[in-house]
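For reference, the structure is listed below as structure tokens.
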Amino acid sequence: MLLYSTQNKRNTTNLKTAVLQSMPEDKGLYMPVTIPVMENSFFENIVEKSFEEISFRIAEALIDKAIPNPVLEDIITDSINFSAPVKMISESIGVLELFHGPSLAFKDFGARFMSRLMGYYNRNEDKKLTILVATSGDTGGAVAAGFYKTEGIEVVILYPSGKVSELQEKQLTTLGENIIACEIQGSFDDCQAMVKRAFLDPDLNKVYRLSSANSINIARLIPQTFYYFEAWKQVKHDYRKKVFSVPSGNFGNLTAGLMAKRMGLPIDHFIAATNVNKVVPDYLKTGTFSPVPSISTISNAMDVGDPSNFARMMDLYSKDHDAINKDVTGFFCDDETTKDIMRRVFHQYQYILDPHGAIGYASLEEYLKNHDEFLGIFLETAHPGKFLPVVEGTLGISIPLPDSLNELYSKLKNAEKLSSDYSGFREFMLSRKRR
């Protein structure tokens with residue numbers, strides 16, 4: 001498998017380098033030189049295949065012998081071992097539940113696959129690999145769980161103080177061992193900027209082998225394509241066109257869906273659904289991409305003002321605004337609308353949405369008003385229990401929590417408090433090597 005930088009297609013490398021390096025020195029993002037198209041027989045027989053079998057076939061096609069098939073099979077078996085069910089909540093709307101993994105968020109798929117892939121590539125290295133990751137909520141918990149006690153790898157997680165839910169924070173600050181949490185007095189965009197800057201810092205790179213577990217790493221996107229195929233399999237029997245509504249912050253999830261479509265998956269349309277941090281819906285409407293400081297909302301995992309994966313979306317469509325608009329429609333809604341949707345869906349269908357899934361539902365419902373020939377699927381990206389105050393306060397009910405979340409309340413938070421100034425984070429990282 002060869003990959004190139006979105007900044008310079010002549011700058012190519014292999015999968016091992018792309019995964020362990022995370023991003024090229026020219027500040028681009030890695031993309032596959034070739035995105036394979038699956039054969040017709042694969043789709044004809046997909047209903048007979050398990051989720052694990054589908055995942056292996058997609059990974060095998062994308063990775064193209066970059067690692068031995070027996071190793072890839074082991075990685076898939078160990079990482080994609082929970083379900084991604086589609087549940088129909090009305091005649092025209094289904095929900096793809098992506099919260100059945102260990103951290104109860106869709107990012108479990110990417111984090112678990114990536115941790116095992118990195119473990120394989122890092123197995124003969126003497127120097128520890130340090131994973132830097134910025135999180136607006138669910139990434140941190142998924143990465144912490146995925147890499148916990150992985151030999152030869154440590155994880156440093158940066159998260160914005162006061163801008164993740166209590167249970168999200170507990171998931172990434174209570175494990176200890178090889179998981180280090182940094183509470184940044186700023187926004188997610190500040191955290192993301194610090195991670196990107198660290199990769200280009202020569203002093204840090206002298207003492208650390210750095211990589212990233214954010215969706216800037218191609219190893220996150222590969223497994224996120226899997227559940228689009230699995231979802232389509234479950235609704236293949238329906239004769240209608242298919243539209244997927246994807247709650248989006250850094251837009252890795254949507255980019256993975258667009259890659260799946262390039263591989264031949266017959267999804268007819270996508271909706272880029274987000275909150276008031278709407279730079280991508282604005283781009284889709286105007287053709288102008290204007291990053292802005294992020295705004296805090298109740299759908300905090302989407303509080304991103306400068307989404308990294310926009311570069312990959314532009315690359316997939318050769319920066320052709322008309323071309324991307326044929327495949328993607330943008331939508332956004334504010335907090336009050338989000339709460340209204342949560343209440344209405346609960347009372348109408350007895351289905352409990354988290355704030356991100358609510359935005360996915362709202363955008364899909366709006367789209368279907370003028371496209372009744374479609375069957376719509378929205379992604380429910382996290383268990384509603386991870387946003388307990390918002391969900392219970394909005395719905396006026398108490399919801400039962402999975403045991404894995406209940407247990408977090410008794411655990412003690414351990415995080416390094418740092419300002420949003422890069423120099424403080426840099427000094428923290430360097431001082432760890434001087435101890």
(message) I want to check something: taking the side chain as every heavy atom from C-beta on, are I180 and F428 in contact at a cut-off of under 4.5 Å?
(response) yes
(message) So, taking the atom named CG in D354 and the one named CG in L104, what distance separates them when rounded to the nearest 0.5 Å?
(response) 11.5 Å
Atom pairs and distances, donor-acceptor, side-chain atoms in residues 390-398, under 3.5 Å, two or more places apart:
residue	atom	partner	partner atom	Å
E392	OE2	I399	N	2.9
T394	OG1	V390	O	2.6

(message) Do E151 and N178 pair up side chain to side chain, a donor and an acceptor below 3.5 Å, judged on atom types alone?
(response) no
(message) Is there a side-chain contact (heavy atoms from CB on, under 4.5 Å) between F331 and L364? Walk through the geometry before answering.
(response) CA-CA 9 Å; F331 183 90; L364 179 57; over 6 Å; no
(message) According to ring pair (Phe, Tyr, Trp, His ring centres under 6.0 Å), who are the partners of F99, at least two apart in sequence or on a separate chain?
(response) H383
(message) Tell me which pairs pass ring-ring contact (aromatic ring centres under 6.0 Å, His included) where either residue lies in residues 297-320, with sequence neighbours left out.
(response) Y283-F310, F289-F310
(message) Looking at R116 and D78, is there a salt bridge between them, counting it only when a charged N and a carboxylate O are closer than 4.0 Å?
(response) yes
(request) Search all heavy atoms of S211 against all heavy atoms of S22 and return the closest pair with its distance. (result) OG-CB, 3.8 Å
(message) If only side-chain N and O atoms count, and only distance matters, is there a donor-acceptor pair under 3.5 Å linking N414 with T173?
(response) no
(message) If I compare all heavy atoms of I35 with all of R262, which pair ends up nearest, and what's the gap?
(response) CG2-CB, 3.9 Å
(request) Report the C-alpha distance between D268 and V243 in whole Å, list the side-chain angles of each, state the deciding distance to 0.1 Å, and finish with yes or no for side-chain contact (heavy atoms from CB on, under 4.5 Å). (result) CA-CA 6 Å; D268 298 278; V243 55; over 6 Å; no
Contacts table for residues 43-51: side-chain donor-acceptor under 3.5 angstrom, sequence neighbours left out:
residue	atom	partner	partner atom	Å
N45	ND2	S41	O	3.1
S50	OG	E53	N	3.1
S50	OG	E53	OE1	3.4

(message) A side-chain contact here means heavy atoms from C-beta on lying under 4.5 Å apart; do F425 and S423 qualify?
(response) no
(request) Please list all pairs passing the salt bridge (Lys or Arg N to Asp or Glu O under 4.0 Å) test where one or both residues lie in residues 173-198, with sequence neighbours left out. (result) E183-K413
(message) For a quick test of reading the model, state the closest non-hydrogen atom pair linking L96 to A84 and the distance between them.
(response) CD1-O, 3.4 Å
(message) Pairing donors with acceptors under 3.5 angstrom, does anything connect the side chains of S245 and S363?
(response) yes
(message) Enumerate the ring-ring contact (aromatic ring centres under 6.0 Å, His included) contacts for residues 233-265, please, sequence neighbours excluded, ordered by first and then second residue.
(response) Y228-F244
(request) Might you point out which heavy atoms bring V280 and A272 nearest each other, and give the distance in Å? (result) CG1-CB, 4.4 Å
(message) For L379 and L98: C-alpha separation, side-chain torsions, deciding distance, then whether side-chain contact (heavy atoms from CB on, under 4.5 Å) applies.
(response) CA-CA 7 Å; L379 277 57; L98 298 176; 3.8 Å; yes
(message) Quick check for you: to the nearest 0.5 Å, what is the distance between L172 atom CG and I157 atom CD1?
(response) 5.0 Å
(message) Does K417 have more than 12 heavy atoms from other residues, nucleotides or ligands lying within 6.0 Å of its NZ?
(response) no
(request) Would you kindly say whether S296 and D303 are connected by a side-chain donor-acceptor distance under 3.5 Å? (result) no
(message) For Y351, give me all partners under side-chain hydrogen bond (donor to acceptor under 3.5 Å, both in side chains), at least two apart in sequence or on another chain.
(response) E97
(message) Looking at K170 and E407, is there a salt bridge between them, counting it only when a charged N and a carboxylate O are closer than 4.0 Å?
(response) no
(request) Locate the shortest heavy-atom distance separating G264 from V37; write the atom from each residue and the value. (result) CA-CG1, 4.3 Å
(request) Would you check if S290 and V279 make a side-chain contact, meaning some heavy-atom pair closer than 4.5 Å? (result) no
(request) Please list, chain by chain and in numerical order, all residues satisfying side-chain hydrogen bond (donor to acceptor under 3.5 Å, both in side chains) with E166, sequence neighbours excluded. (result) none
(request) Verify the distance criterion only: is there a donor paired with an acceptor across the side chains of Q171 and K386 at less than 3.5 Å? (result) yes
(request) State plainly whether the residues R112 and D108 are in salt-bridge range, i.e. N to O under 4.0 Å. (result) no
(request) Would you please name every residue forming a side-chain hydrogen bond (donor to acceptor under 3.5 Å, both in side chains) with R343, sequence neighbours left out? (result) D340
(message) Do Q185 and S420 pair up side chain to side chain, a donor and an acceptor below 3.5 Å, judged on atom types alone?
(response) no
(message) Regarding N217 and R220, do their side chains bring together a donor and an acceptor under 3.5 Å, going by distance alone?
(response) no
(request) Return yes if a side-chain donor-acceptor contact under 3.5 Å exists between S299 and N275, otherwise no. (result) yes
(request) Consider only side-chain N and O atoms of E52 and N81, and report whether a donor and an acceptor are under 3.5 Å apart. (result) no
(request) Check whether any side-chain heavy atom of T174 lies under 4.5 Å from a side-chain heavy atom of L412, and answer yes or no. (result) no
(message) Could you check whether R57 pairs with E39 (Lys NZ or Arg NE/NH1/NH2 to Asp/Glu carboxylate O, under 4.0 Å)?
(response) yes
(request) Looking only at non-hydrogen atoms, find the nearest pair between G305 and S294 and report the distance. (result) N-CB, 3.6 Å
Can you give each donor-acceptor pair under 3.5 Å made by side-chain atoms of residues 368-375, sequence neighbours left out, with the distance rounded to 0.1 Å?
residue	atom	partner	partner atom	Å
K369	NZ	E366	OE1	3.2
H371	ND1	Y367	O	2.8

(message) Applying side-chain contact (heavy atoms from CB on, under 4.5 Å) to Q224 and N253, what does each step give before you reach the verdict?
(response) CA-CA 7 Å; Q224 286 180 233; N253 208 358; 3.5 Å; yes
(message) Can you confirm if the aromatic rings of Y4 and Y30 lie within a centre distance of less than 6.0 Å?
(response) no
(request) Please examine the side chains of M429 and L132, heavy atoms only from C-beta on, and report whether any two atoms are closer than 4.5 Å. (result) yes
(request) Starting at CG of L265, measure out to CG of L258 and round the result to the nearest 0.5 Å. (result) 11.0 Å
(request) State, yes or no, whether a side-chain contact exists between K242 and V235 at a heavy-atom distance under 4.5 Å. (result) yes
(request) Could you check if a side-chain atom of N309 sits within less than 4.5 angstrom of a side-chain atom of T255, using non-hydrogen atoms only? (result) yes
(request) Quick one: list whatever passes salt bridge (Lys or Arg N to Asp or Glu O under 4.0 Å) with K233, sequence neighbours left out. (result) E230
(message) Tell me every residue that passes side-chain hydrogen bond (donor to acceptor under 3.5 Å, both in side chains) with E380, counting only those two or more places apart in sequence or in another chain.
(response) none
(message) Under a plain distance cut-off of 3.5 Å, with no hydrogens placed, do S92 and R240 share a side-chain donor-acceptor pair?
(response) yes
(message) Just so I know, are the side chains of I271 and V246 near enough to count as touching, which here means a heavy-atom distance under 4.5 Å?
(response) no
